Amino acid sequence: MKRLALVRYGQYIDSHLSQEGEATMRESAKALKELAGSGEVVVVCANIPRAIESARIITTELEIKDPTPSSRLYAAEEEGLLPDPAGAYEFLKAVGDSTDFIIAVVSREYVDVLPEYLSTNGITDPRVLETKHLARGEMLVLNLRSGTQS
């Protein structure tokens, strides 16, 4: 995998995307389509309804196969489910190591910890990546070849 986009799933009500969440994800999907270009793209997501629904909006826009959901991409600190960045990275490698671009629709917890894990373990540039808390539907794109982020 050459690039990894971490995308926060859209706004939701009762575990499912709200209309606002769907609209936000459609906008994100358009931006991701431009970023993806003509390379091979794989979309993965946490195995919860709001993440799966968000990921399906992306796969529909990109006209690619349905997303691959996984419990390894779900964390919810308020439920006592802490992120496992090593497990998440192993899953990402297993499903998309030979692809150009992996889009992972995940919770805030993974957006917060995965970039630092990748940096600390030499998968990206060893500099500490400066991340910000992303709003729902926003994304962080990491270039795993050079360690740059956009």
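Along the sequence shown, the residues carry numbers beginning at 1. Remember, it's a predicted structure, so these values are computed and weren't measured experimentally.
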Checking [X] side chain against [Y] main chain: does a donor-acceptor pair fall under 3.5 Å?
X: Ser107; Y: Ala75; result: yes
X: Thr24; Y: Gly137; result: no
X: Thr99; Y: Gly96; result: yes

Heavy-atom pair with the smallest gap, counting every atom of [X] and [Y]:
X: Glu77; Y: Leu82; result: CG-CD2, 4.0 Å
X: Ala46; Y: Ala51; result: O-CB, 3.5 Å
X: Tyr74; Y: Arg50; result: OH-NH2, 3.7 Å
X: Met139; Y: Ala31; result: CE-CB, 4.1 Å
X: Ala88; Y: Leu73; result: CB-CD2, 3.8 Å
X: Phe91; Y: Ser70; result: CZ-CB, 3.4 Å

For Val7 and Leu140, what are the C-alpha separation, side-chain angles and deciding distance, and is it a side-chain contact (heavy atoms from CB on, under 4.5 Å)?
CA-CA 7 Å; Val7 182; Leu140 173 68; over 6 Å; no
Taking only Lys NZ, Arg NE, NH1 and NH2, and the carboxylate oxygens of Asp or Glu, determine whether Arg56 and Glu53 approach each other closer than 4.0 Å.
no
With the threshold set at 4.0 Å, does a side-chain nitrogen-carboxylate oxygen contact exist between Glu90 and Arg72?
-> no
Quick check: is Ile52 connected to Val41 through a chain of hydrophobic side chains (ILVMFWY, heavy atoms under 4.5 Å apart)? no
Margin query: Would you say that more than 12 heavy atoms from the other residues, nucleotides or ligands in this model lie under 6.0 Å from the CD of Glu34, or not?
Written below: no
For this session: Using a cut-off of 6.0 Å, state whether more than 12 heavy atoms not belonging to Asp14 lie near its atom CG.
Result: no
Is there side-chain contact between [X] and [Y], with at least one heavy-atom pair below 4.5 Å?
X: Leu17; Y: Ile57; result: yes
X: Tyr9; Y: Ile48; result: yes
X: Val44; Y: Val105; result: no
X: Tyr12; Y: Ser18; result: no
X: Ile103; Y: Val42; result: no
X: Leu142; Y: Pro115; result: yes
X: Cys45; Y: Val106; result: no

Distance check, rounded to the nearest 0.5 Å: [X] atom [atom1] versus [Y] atom [atom2]?
X: Glu20; Y: Ile13; atom1: CD; atom2: CD1; result: 8.5 Å
X: Leu32; Y: Glu27; atom1: CG; atom2: CD; result: 11.5 Å
X: Thr60; Y: Lys33; atom1: OG1; atom2: NZ; result: 11.0 Å
X: Tyr89; Y: Leu118; atom1: OH; atom2: CG; result: 7.0 Å
X: Asp100; Y: Arg3; atom1: CG; atom2: CZ; result: 7.5 Å
X: Asp84; Y: Glu109; atom1: CG; atom2: CD; result: 13.0 Å

One pair to check against side-chain contact (heavy atoms from CB on, under 4.5 Å): Val43 and Thr68. What are the steps and the verdict?
CA-CA 6 Å; Val43 178; Thr68 302; over 6 Å; no
Item to complete: Kindly determine whether Val141 and Leu35 satisfy side-chain contact (heavy atoms from CB on, under 4.5 Å), including the steps that lead there.
Response: CA-CA 9 Å; Val141 180; Leu35 287 170; 3.8 Å; yes
Query raised in the report: Should Glu61 and Lys30 be marked as a side-chain contact (heavy atoms from CB on, under 4.5 Å) after you check the CA-CA gap, both sets of side-chain angles, and the distance that decides it?
Result: CA-CA 7 Å; Glu61 177 68 28; Lys30 289 176 186 173; 4.0 Å; yes
